[in-house]
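Working notes, beginning with the structure itself.
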Amino acid sequence: MAILVTGGTGYIGSHTVVELLKKDYDVVIVDNYCNSKPEVLNRIYQITHKRPRFYEIDCCNEVKMRELFKKENITDIIHFAGLKSVAESVQKPQLYIDNNIGSSKVLLKLMTEFGVHNIVFSSSATVYGVPDHVPKVGGCTNPYGQTKLDIEYLLKDYAKEHKDANIAILRYFNPIGAHESGLIGEDPQGIPNNLMPYITQVAVGKRPFLNVYGNDYKTHDGTGVRDYIHVVDLAMGHLAALKKLEEKPGLVIYNLGTGKGTSVLDLVKAFEKANDLTIPYEIKERRPGDVDENYADASKAYKEMKWKAKLDIVDACRDSWRWQKNNPRGYDKD
Ligand code: NAD
Ligand code: WQD
């Protein structure tokens, strides 16, 4: 009776593993460390005093994954493993197709082979494409987003064919924040693509100022509005989804967000206030592909799973900074 967490040493995976261990789930992690570090496992131990079983395997490697399924009694899967850089996916679409879709296909094949019925999948708000008045799935603006949408379709087909399958597709909005211990957090390699890690790297002196991409959007202050969700709230959403799957609901889809929109400058101000710091910034050109605003209707997740975000952006700003301040070089040791 174990939960297999693919990508469990990554940013969202590690926070979810901590919450699973706190609730005494038996956790097995698989990760190939293509975007994470072994040190994460020590940090998980420091927080929980537990060491989940760990396999360094590429989830696309069907042979090695089958060995894992033979050894472990997997009953549920949380599938975080995937590449997630929008910009890189534009440069290397095939890599994203092979890794993200390939790993999902291997998991589905092994689920059938080993009689595993339950899977929670990390999807993304990016599947909504460019939001109109009514959010519509499709029209993804980049190959990364397209892989998420394609995997959603794979899962839907799988559910049609396998009536005993229970699948939760979770569409995350913008995860930020870190565990309150400051021991685990987001550790981007190279120049961060996302706003919060860029802000924290400015705060720690690694970058001179924040580039604010555009101040002429149709929003209250002209900067882009997003739905920033604390990563621990997001982690709890996965525990809620596992519980939901126990009810054998078939395939369910939920948005995980706060429902609140925050602009780039709102987030900068919140970070400055929460941490008593100044973040220098310069207004730059719009980033191609960015939209004015995007925030979640997460009411279905509350109605059906009784899950809602409890933390706010002030908590996230404080926790992101604690993580960065205590780990200026991320998981790399000095
Ligand atoms: P992350 O890069 O920190 O974690 C992903 C983990 O998966 C990493 O540890 C990486 O080493 C591992 N991995 C990747 N491909 C693998 C493979 N083939 N085999 C084994 N391990 C592999 O990313 P994250 O932010 O924690 O995101 C987790 C998931 O959530 C991803 O699928 C991502 O697309 C999705 N998501 C993330 C965001 C976000 O903004 N962070 C938003 C929406 C959806
Ligand atoms: C947020 C806002 C930027 C960086 C991306 C992916 C999405 C999902 C989450 C995985 C925007 C502005 C940013 C900076 C800035 N990931 N910004 N200066 O673009 O909403 O979503 O991450 O599924 O698929 O596309 O998040 O954090 O990159 O940007 O001004 O240095 O911050 O223009 O308005 P985004 P983000």
Side-chain angles (χ1 to χ4, degrees), residues 5-16 29-38 40 55-61 64-65 78-87 89 95-96 98-104 106-107 121-128 140-142 144-145 147-148 151 170-176 184-189 191-199 201-202 207 209-215 217 219 222-229 231 234-235 238 256-257 262-268 281-295:
V5 182
T6 76
T9 50
Y11 173 46
I12 307 169
S14 57
H15 287 82
T16 304
I29 298 178
V30 57
D31 204 299
N32 64 356
Y33 292 135
C34 68
N35 197 36
S36 59
K37 305 271 167 57
V40 176
Y55 293 81
E56 186 177 345
I57 297 178
D58 184 332
C59 295
C60 300
N61 187 329
K64 288 194 175 160
M65 287 297 287
I78 306 181
H79 183 30
F80 291 109
L83 298 173
K84 63 166 180 178
S85 161
V86 169
S89 79
L95 175 69
Y96 275 66
D98 290 346
N99 191 73
N100 293 3
I101 300 180
S103 59
S104 304
V106 166
L107 285 176
F121 172 62
S122 300
S123 190
S124 167
T126 190
V127 300
Y128 289 118
C140 291
T141 52
N142 59 80
Y144 160 72
T147 66
K148 291 290 174 191
I151 297 164
L170 303 181
R171 294 177 179 155
Y172 316 153
F173 280 66
N174 292 56
I176 60 169
I184 55 173
E186 190 170 10
D187 183 20
Q189 305 306 301
I191 302 169
N193 295 309
N194 296 116
L195 180 58
M196 181 57 99
Y198 208 107
I199 291 176
Q201 290 198 3
V202 171
R207 319 229 166 247
F209 56 83
L210 170 72
N211 300 300
V212 173
Y213 297 134
N215 66 349
Y217 285 104
T219 62
T223 65
V225 165
R226 299 290 183 274
D227 186 338
Y228 296 98
I229 173 170
V231 67
L234 194 55
H238 293 75
L256 296 186
T262 300
S263 74
V264 176
L265 292 182
D266 289 338
L267 194 66
V268 169
Y281 66 85
E282 291 185 7
I283 305 292
K284 294 286 163 68
E285 289 293 295
R286 287 180 175 207
R287 194 172 61 175
D290 275 354
V291 296
D292 299 79
E293 56 178 20
N294 197 12
Y295 52 88

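Read the numbers this way: they start at 1 and go in the same order the structure lists the ligands and their atoms.
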Does ligand 1 have an atom under 4.0 Å from some heavy atom of S123? yes
Could you measure the distance from the CG atom of N100 to the SG atom of C60? Nearest 0.5 Å is fine.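 These two atoms lie 8.0 Å from each other.
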Present, as a list of atom pairs with distances to 0.1 Å, all nitrogen or oxygen contacts under 3.5 Å between ligand 2 and the protein.
| from | atom 1 | to | atom 2 | distance (Å) |
| --- | --- | --- | --- | --- |
| ligand 2 | 18 (N) | N211 | O | 2.7 |
| ligand 2 | 19 (O) | R287 | NH2 | 2.8 |
| ligand 2 | 20 (O) | N174 | ND2 | 3.0 |
| ligand 2 | 20 (O) | R226 | NE | 2.6 |
| ligand 2 | 22 (O) | N194 | ND2 | 3.0 |
| ligand 2 | 23 (O) | S124 | OG | 2.8 |
| ligand 2 | 23 (O) | Y144 | OH | 2.6 |
| ligand 2 | 26 (O) | N174 | ND2 | 3.1 |
| ligand 2 | 27 (O) | N194 | ND2 | 3.3 |
| ligand 2 | 27 (O) | L195 | N | 2.8 |
| ligand 2 | 28 (O) | N193 | O | 3.4 |
| ligand 2 | 28 (O) | N194 | ND2 | 3.1 |
| ligand 2 | 28 (O) | R287 | NH1 | 3.2 |
| ligand 2 | 28 (O) | R287 | NH2 | 2.9 |
| ligand 2 | 29 (O) | R287 | NH2 | 3.3 |
| ligand 2 | 30 (O) | N211 | O | 3.3 |
| ligand 2 | 30 (O) | Y213 | N | 2.9 |
| ligand 2 | 33 (O) | D290 | OD2 | 2.6 |

Test T262 against every option in N174, I176, L267 by the side chain to side chain contact (heavy atoms under 4.5 Å, CB included) rule and name the one that passes.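 So, applying the side chain to side chain contact (heavy atoms under 4.5 Å, CB included) to T262 and each of N174, I176, L267, only L267 qualifies.
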Which atoms of ligand 1 sit under 4.0 Å from any heavy atom of [X]?
| X | value |
| --- | --- |
| F80 | 28 (C), 29 (C), 31 (C), 32 (O) |
| Y33 | 11 (O) |
| D58 | 17 (C), 18 (N), 19 (N) |
| I57 | 19 (N), 20 (C) |

Nitrogen or oxygen of [X] less than 3.5 angstrom from that of ligand 1:
| X | answer |
| --- | --- |
| S103 | no |
| I12 | yes |
| C60 | no |
| S124 | no |
| N194 | no |
| C34 | yes |
| D31 | yes |

M65 and L107, any side-chain heavy atoms less than 4.5 Å apart: yes
With a 4.5 Å limit on heavy-atom distance, are the side chains of R226 and F173 in contact? no
Proximal candidate to atom 19 (N) of ligand 1 [heavy atom criterion; set G13, G8, C59, G82]: C59
Look only at the side chain of [X] and the backbone of [Y], and say whether a donor-acceptor pair between them is shorter than 3.5 Å.
| X | Y | result |
| --- | --- | --- |
| T6 | V30 | no |
| N194 | M196 | no |
| K64 | E56 | no |

Can you confirm whether or not the ring centre of H238 sits under 6.0 Å from the ring centre of Y172?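 For H238 and Y172, the ring centres are under 6.0 Å apart.
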Could you walk me through whether V264 and L195 pass side-chain contact (heavy atoms from CB on, under 4.5 Å), step by step? CA-CA 8 Å; V264 176; L195 180 58; 4.0 Å; yes
Which residues share a salt bridge (charged side-chain N to carboxylate O under 4.0 Å, His left out) with K37, sequence neighbours left out: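 Once residues adjacent in sequence are excluded, the partners of K37 under the salt bridge (charged side-chain N to carboxylate O under 4.0 Å, His left out) criterion are D187, D332.
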